[in-house]
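Please read these numbers as outputs of a predicted model, since none were measured by experiment.
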Amino acid sequence: MMTTWRRGLLGTVMLTAAVANAEPPPTNSAQGTQLHGTGRFESINIPLASVAVPDPPAGVTCAPAKALTLSGRIITGQSCSGGNPPVTARFLEGPSLVKATFQAPFEGRTVKLVIEEARCHEDITPPTAECTPENLYAGKARWEYRVTASTEDKRPEPLCPTGSGFALPVPHAWSAGGDLLRNPDYFTFACAPKNEGSASQPFFVGGGVIAKCVDWGYPPWATEYPESQAMAYHHLCTRMAMADYCGEGRSNTLDGTPISFRGAQAAVAMSPGGHLPKTVGTEGYALEAVWERTECGEVRPLCLGKTRWDTLSLEATCVNRALIQPSRMQRSCEELNVSTLGGETLLVSYSLFIDRALVGFKSGDTNYLTTTAVTVDIQNHPGGADVSGYSPDLDGNGVADTSSLVALRMEGPLLTPKLPENIRKRMGALIKPLYRCANIYGRYLLTDTSTCDGAAGFSLKMVNGDQGIEGFLYSAVDSDSPGQRRPLKLWKHPQRLGTFATSTQAPDGFVLVRELGYLPAVGQLPGRDL
């Protein structure tokens, strides 16, 4: 039963949600790798009953505060007496909640959360509305909060280590596996991303996908949809954003990777004859997956055309890994007839081909080759770290070379030299070219200088007019990140002149020249990736 204070509060600030059949428009944006974006505190759900608010003005006595979430807002209320003029009730929201605290269970202990600052939320989808009472009531604006977290044995630390540093209060709870659990007695703080682009070309990265899905038009409260459907879409959106192919709370992408997605109605509208287009947009976003939420509440790809990153090692642990290997799926996304799916709860995602496999080969004791120019025998390639199906294709004609070179290891994903210009521009100094060099004796060298490190007899080797660029490396590592990037290194043989190797691991008998840059790896939490 709703308590008297809550009924009065709802009467004061009630938002009447529109319930319609419309859906948010198709979106191009950058996704993320975490639900909440809180790093260490990803697992916490916060009881609303744990709230404690700042003391009332002098002369006013108030009962303990109670809190509720209303759409994207958190509001506290308490009955009061005293004061001149008399104060009978006290409602706090936004800046008036500064120094309010919450307590949440965390790893067998308690974590204390303190609101340190409040400001109006910068929406991913412009324009951002001011936090006037009218806009707040209409759901056009919301407050976001800078929060610190501390356990009994630790000093306070920012709850949001990446992104903007501020968080949205979002109703309900989440399981450790990333399932949205309907429970109005709990909420979570969802870290908001940061715009590292410009006003005209925004680029929001960091934070968590819960906050991004709210801004994309898929919040877990009633707006264009009734609440039950809105929650289903929000759950669907978070799985899609994280490329969580197995529905287990594991991301298979990197923060900021650009995607394009749309709901069922938009998918039907753009699919003449019921078949989805293979690409969308001028940059050629390729059909990735159709994501559905089953009657049992599970979210999985109905079909998978490509993974978000083609050569990034997957964290997905589906029992039947064929479910996430596009080459082995029985039905392709292009074959799916979407003409009858307009009323379904689903999302269609598109993503770019932005990476290529950097594979190491070896022949004899000292002949090493590292290249993205490879062919893959799909029938004999089990996937993952196994490279038994890879062969070099140095002339780039799509046919495996006749060679004594044997695949040694998958070094990692390398950003393609065909990376769209706007992505290269916004990544700026974060990436740098990796150049391909060769000599007349068939020895190869990958390095970060176009002069081939001044190695005698080596010069840039161009293939199909690619300017000798094998791809792009990350040029730096965020030293504050708890995640990882694998350093790619240049090695040389101390006795054999003109014998080099480029790899993440030391070849036998070689000595290090220097680190060239970094290859991405799943599990990292950088402040910015793509």
Side-chain angles (χ1 to χ4, degrees), residues 30-46 104-108 111 149 159-163 167-168 170-183 186-191 193 206-214 216 218-220 231-257 259 261 288-289 291-294 296-302 304 307-309 312-321 323-324 345-347 349 384 481-484 520-526 529:
Q31 41 81 93
T33 61
Q34 287 192 311
L35 272 175
H36 305 85
T38 56
R40 181 185 178 209
F41 300 104
E42 279 290 286
S43 63
I44 65 171
N45 292 301
I46 308 167
F106 174 67
E107 296 179 348
V111 59
L159 181 66
C160 298
T162 69
L168 296 175
V170 181
H172 306 298
W174 293 84
S175 74
D179 286 322
L180 178 57
L181 308 174
R182 183 186 179 91
N183 192 326
Y186 285 81
F187 79 102
T188 59
F189 278 119
C191 298
V209 298
I210 292 177
K212 290 179 180 178
C213 286
V214 168
W216 289 338
Y218 295 103
M231 289 184 66
Y233 261 117
H234 184 71
H235 187 198
L236 192 67
C237 178
T238 58
R239 295 286 196 201
M240 177 212 62
M242 291 176 62
D244 186 358
Y245 302 121
C246 298
E248 57 188 0
R250 292 175 181 264
S251 172
N252 292 282
T253 184
L254 299 179
D255 180 42
T257 303
I259 57 174
F261 61 93
E288 179 188 88
W291 302 80
E292 68 168 351
R293 190 174 189 270
T294 68
C296 298
E298 295 180 340
V299 174
R300 294 285 181 89
L302 182 62
L304 186 64
T307 52
R308 191 81 37 98
W309 284 65
L312 196 69
S313 296
L314 293 173
E315 291 286 295
T317 59
C318 300
V319 175
N320 179 7
R321 290 187 65 84
L323 290 177
I324 54 171
T345 303
L346 58 83
L347 292 174
S349 61
S481 168
Q484 59 181 323
V522 159
Q524 64 187 19
L525 300 173
D529 246 301

Practice prompt. Show your reasoning for whether side chain to side chain contact (heavy atoms under 4.5 Å, CB included) applies to N252 and T307.
Written response: CA-CA 8 Å; N252 292 282; T307 52; over 6 Å; no
Practice prompt. For T38 and F189, run side chain to side chain contact (heavy atoms under 4.5 Å, CB included): C-alpha distance rounded to whole Å, both residues' side-chain angles, the deciding distance at 0.1 Å, then the answer.
Written response: CA-CA 8 Å; T38 56; F189 278 119; 5.6 Å; no
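- Taking the side chain as every heavy atom from C-beta outward, V299 and M240 never approach each other to under 4.5 Å.
- Between W216 and I259 the shortest heavy-atom distance is CH2-CD1, 4.4 Å.
- Heavy-atom minimum distance, H235 versus G297: CE1-O, 3.3 Å.
- Listed for the T162 side chain is a donor-acceptor partner under 3.5 Å among the backbone atoms of G207.
- For R239 (side chain) and G247 (main-chain N/O), a donor-acceptor pair under 3.5 Å exists by modelled atom type.
- Between G37 and P161, the shortest heavy-atom distance links the atoms O-CD, 3.4 Å.
- In terms of the salt bridge (Lys or Arg N to Asp or Glu O under 4.0 Å) criterion, E298 has no residue partners (sequence neighbours excluded).
- Residues meeting the salt bridge (Lys or Arg N to Asp or Glu O under 4.0 Å) test with E42, sequence neighbours left out: none.
- Here the closest non-hydrogen pair linking T33 and M242 is O-CE, 3.4 Å.
- In this structure, the side chain to side chain contact (heavy atoms under 4.5 Å, CB included) partners of S43, at least two apart in sequence or on a different chain, are F106.
- Across A173 and N45, no two heavy atoms sit closer than the pair CA-OD1, 3.3 Å.
- Atom CH2 of W309 sits about 4.5 Å away from atom CG of L254, to the nearest 0.5 Å.
- Closest non-hydrogen pair, P220 versus M231, comes out as O-CG, 3.6 Å.
- With hydrogens and angles ignored, the 3.5 Å screen pairs a side-chain donor or acceptor of R308 with a backbone N or O of A241.
- For the atom pair L347 CG and E288 CD, the distance stands at 11.5 Å (nearest 0.5 Å).
- At least one donor-acceptor pair closer than 3.5 Å links the side chain of H172 to the backbone N or O of N183.
- Put simply, CZ on F41 and CD on E107 are 8.0 Å apart, with the number rounded to the nearest 0.5 Å.
- Separation of atoms CZ (R293) and OG1 (T345) is listed at 8.0 Å; rounding is to 0.5 Å.
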Worksheet entry | Full working for side chain to side chain contact (heavy atoms under 4.5 Å, CB included) between Y186 and L181 | CA-CA 10 Å; Y186 285 81; L181 308 174; over 6 Å; no
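- Taken from CG in D244 to CZ in R250, the straight-line distance is 9.5 Å, to the nearest 0.5 Å.
- When ring centroids are compared, W291 and F261 stay outside the 6.0 Å threshold.
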Discussion item. Does T188 form a side chain to side chain contact (heavy atoms under 4.5 Å, CB included) with I44? I'd like the steps, not just the answer.
Written reply: CA-CA 7 Å; T188 59; I44 65 171; over 6 Å; no
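- Atom OG1 of T238 and atom CG of D179 lie 9.0 Å apart (nearest 0.5 Å).
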